[in-house]
Novice: 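A single structure is presented below for examination.
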Amino acid sequence: MADHDAERLHRKQRLAAAFRIFSRFGYDEGVAGHITARDPERPDHFWVNPFTKHFGMIRVSDLVLVNDDGEVVDGGGMVNRAAFAIHSQVHAARPDCVAAAHTHSVHGKAFSTLGRLLDPITQDSCAFYEDHGLFDDYTGVVIDTDEGKRIAHALGDAKAVILRNHGLLTVGQSVEEAAWWFIAMDRTCHAQLLADAAGRTVPIDPGYARLTHGQVGSAAAGKISFQPYYDWIVHEQPDLLD
């Protein structure tokens, strides 16, 4: 029990920090967007931001626990219906993943309208080389778990999926990893949009792209890349730990 309590607190602290960081990076948009963390004791439950709470105001104590029926079983808020429809199915399909992140970030949703995968044109983009999928459909706001299952299928065993005309979704074996891949993927979308607008890009050779993926795209690399941001936001906004 003590181990579960310690791990739960760790995940919730990183989750609250991720929301604050996402707010600083402009990933919030009204009530859209969610990051979830699987509960260590009840793996079919996940912690998520309460509906209508701004990312920049979320504290550990604000997070709500949702069961596999979409019911809030711990915490004083409601859950976004789309958050449950998508994240419940992603968590169910990927027991290896602790966390999932999805927002309507500007560069992610802009790139998603192209209906294509990212190219290996920078070192950083290689983190996603042969490691992200495309959900090549759009049928409105996701409120049905059947749609969530289709998204989970498009994700497969990758770290991320581009939701056409919608945005990005990333997963990880830790909250830190899932949050970092979202930050990195949105920036990669931004870089490719700029590069494609400037002219013809030169892709990295597939062999070297795979090599670089192994260097920058591992779960450990994702987790450690988030640490400086965690330290920064906790130093600047320590109330998030309340």
Side-chain angles (χ1 to χ4, degrees), residues 8-39 46-66 70 72 74-88 90-91 97-112 141-143 151 160-163 166-172 174-190 222-223 225-242:
R8 180 179 298 110
L9 179 60
H10 177 93
R11 293 181 187 185
K12 291 175 69 177
Q13 288 175 337
R14 272 65 186 174
L15 192 57
F19 283 115
R20 297 293 185 98
I21 293 165
F22 277 26
S23 176
R24 287 294 295 269
F25 290 167
Y27 296 161
D28 51 292
E29 183 155 333
V31 298
H34 8 87
I35 315 172
T36 53
R38 192 188 303 274
D39 186 78
F46 59 80
W47 295 91
V48 65
N49 48 311
F51 190 52
T52 76
K53 188 81 170 181
H54 192 279
F55 284 5
M57 298 174 64
I58 291 176
R59 302 167 299 167
V60 168
S61 58
D62 294 318
L63 299 169
V64 298
L65 182 64
V66 181
V72 174
D74 194 345
M78 299 184 296
V79 63
N80 185 317
R81 187 174 177 184
F84 177 74
I86 297 172
H87 289 247
S88 65
V90 169
H91 281 286
C97 290
V98 163
H102 165 67
T103 81
H104 296 180
S105 59
V106 172
H107 303 114
K109 65 183 176 184
F111 190 84
S112 78
V141 176
V142 182
I143 57 175
I151 290 171
V161 61
I162 296 170
L163 312 178
H166 189 172
L168 311 176
L169 183 143
T170 60
V171 297
S174 64
V175 174
E176 297 97 315
E177 185 193 354
W180 169 250
W181 293 139
F182 192 93
I183 295 167
M185 194 175 200
D186 188 71
R187 289 177 172 175
T188 297
C189 289
H190 190 186
K223 183 174 184 178
S225 294
F226 182 78
Q227 189 62 43
Y229 295 89
Y230 179 79
D231 293 340
W232 158 64
I233 205 68
V234 169
H235 175 75
E236 189 175 271
Q237 301 177 24
D239 67 294
L240 72 88
L241 298 176
D242 293 346

Novice: Between Thr103 and Phe55, is there a side-chain heavy-atom distance shorter than 4.5 Å?
Specialist: yes
Novice: What I'd like to find out is whether the side chain of Ile21 reaches to under 4.5 Å of the side chain of Trp232, using heavy atoms alone.
Specialist: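 Yes; the side chains approach each other to less than 4.5 Å.
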Novice: Of all heavy-atom pairs between Phe182 and Ala101, which one has the smallest distance, and what is that distance?
Specialist: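 In terms of heavy atoms, the two residues are closest at CD1-O, 3.8 Å.
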Novice: Identify the two heavy atoms, one from Ile233 and one from Arg20, that lie closest to each other, and give their separation to 0.1 Å.
Specialist: CG1-CB, 3.7 Å
Novice: Does the side chain of Tyr27 reach to within under 4.5 Å of the side chain of Ile183, using non-hydrogen atoms?
Specialist: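 Side chain of Tyr27 against side chain of Ile183, heavy atoms only: contact under 4.5 Å found.
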Novice: Rounded to the nearest 0.5 Å, what's the gap from CZ on Arg187 to NE2 on His107? Could you check?
Specialist: 11.0 Å
Novice: Could you give the distance from CG (Asp28) to OG (Ser23), rounded to the nearest 0.5 Å?
Specialist: 4.5 Å
Novice: Tell me every residue that passes ring pair (Phe, Tyr, Trp, His ring centres under 6.0 Å) with Trp47, counting only those two or more places apart in sequence or in another chain.
Specialist: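 With neighbours one apart ignored, the set is empty.
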Novice: Without swapping roles, check the side chain of Arg38 against the backbone of Cys97 for a donor-acceptor pair under 3.5 Å.
Specialist: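 Judged by distance alone, yes, a pair lies under 3.5 Å.
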Novice: Do you know which two heavy atoms are closest between Leu168 and Ser105, and how far apart they sit?
Specialist: CD1-OG, 4.4 Å
Novice: Under the ring pair (Phe, Tyr, Trp, His ring centres under 6.0 Å) test, which residues partner Tyr230, sequence neighbours left out?
Specialist: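 Testing Tyr230 for ring pair (Phe, Tyr, Trp, His ring centres under 6.0 Å), a comparison that skips the adjacent residues, returns none.
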Novice: Work out which heavy atom in Ala99 is nearest to a heavy atom in Ser174; give both atom names and the distance.
Specialist: CB-O, 3.7 Å
Novice: Kindly compute the distance separating CZ (Arg81) from CD1 (Ile86), expressed to the nearest 0.5 Å.
Specialist: 12.5 Å
Novice: Please report the closest heavy-atom contact between Pro50 and Leu63, naming both atoms and the distance.
Specialist: CD-CA, 4.4 Å
Novice: Heavy-atom distance under 4.5 Å between the side chains of Tyr229 and Phe25, does that happen here?
Specialist: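 Of all side-chain heavy-atom pairs linking Phe25 with Tyr229, at least one is under 4.5 Å.
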Novice: Is there a side chain to side chain contact (heavy atoms under 4.5 Å, CB included) between Val79 and His34 once you walk through the steps?
Specialist: CA-CA 10 Å; Val79 63; His34 8 87; over 6 Å; no
Novice: Looking at Asp186 and Gly108, would you say the former's side chain and the latter's main chain have a donor-acceptor pair under 3.5 Å?
Specialist: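 Such a contact is found between Asp186 side chain and Gly108 backbone.
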Novice: Between atom CG of Leu169 and atom CD1 of Ile162, what is the distance when rounded to the nearest 0.5 Å?
Specialist: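 That separation rounds to 11.5 Å.
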Novice: Can you list the residues that meet the ring pair (Phe, Tyr, Trp, His ring centres under 6.0 Å) rule with His10, with sequence neighbours excluded?
Specialist: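 If we apply the ring pair (Phe, Tyr, Trp, His ring centres under 6.0 Å) test to His10, skipping adjacent residues, there are no hits.
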Novice: With distance as the sole criterion, is a donor-acceptor pair present between the side chains of His102 and His87 under 3.5 Å?
Specialist: no
Novice: Backbone N or O of Ala184 within a donor-acceptor pair of the Thr188 side chain at under 3.5 Å?
Specialist: yes
Novice: Do Val48 and Val64 have side-chain heavy atoms sitting under 4.5 Å apart?
Specialist: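 When only atoms from C-beta onward are counted, Val64 and Val48 do touch, with a gap below 4.5 Å.
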Novice: For His91, which residues count as a ring pair (Phe, Tyr, Trp, His ring centres under 6.0 Å) partner, sequence neighbours excluded?
Specialist: Phe46
Novice: Within the structure provided, determine whether Val72 and Leu65 are in side-chain contact (heavy-atom separation under 4.5 Å).
Specialist: no
Novice: Roughly how far, to the nearest 0.5 Å, is the CG atom of Asp39 from the CG atom of Asp74?
Specialist: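 That separation rounds to 9.0 Å.
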Novice: Could you tell me whether Asp239 and Arg59 make a salt bridge, using a distance below 4.0 angstrom between a side-chain N and a carboxylate O?
Specialist: no
Novice: Tell me, please, which residues at least two apart from Lys109 pass side-chain contact (heavy atoms from CB on, under 4.5 Å).
Specialist: Glu29, His104, Ser112
Novice: Any non-hydrogen side-chain atom of Asp62 less than 4.5 Å from a side-chain atom of Met57?
Specialist: no
Novice: Within the side chain of Asn80, is there an N or O that forms a donor-acceptor pair under 3.5 Å with the backbone of Val31?
Specialist: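 Checked: pair present.
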Novice: Treating Arg11 as the side-chain partner and Val175 as the backbone partner, does any N or O pair qualify as donor plus acceptor under 3.5 Å?
Specialist: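 Between the backbone of Val175 and the side chain of Arg11 there is no qualifying donor-acceptor contact (under 3.5 Å).
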Novice: Can you tell me how far the NZ atom of Lys12 sits from the CD1 atom of Ile58, to the nearest 0.5 Å?
Specialist: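 Lys12 atom NZ to Ile58 atom CD1 measures 12.5 Å (nearest 0.5 Å).
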Novice: Could you work out, with side-chain contact (heavy atoms from CB on, under 4.5 Å) as the rule, every residue matching Ala179, not counting sequence neighbours?
Specialist: Ala18, Phe22, Phe226
Novice: Looking only at heavy atoms, which two atoms of Ala82 and Val141 are closest? And how far apart?
Specialist: CB-CG1, 4.5 Å
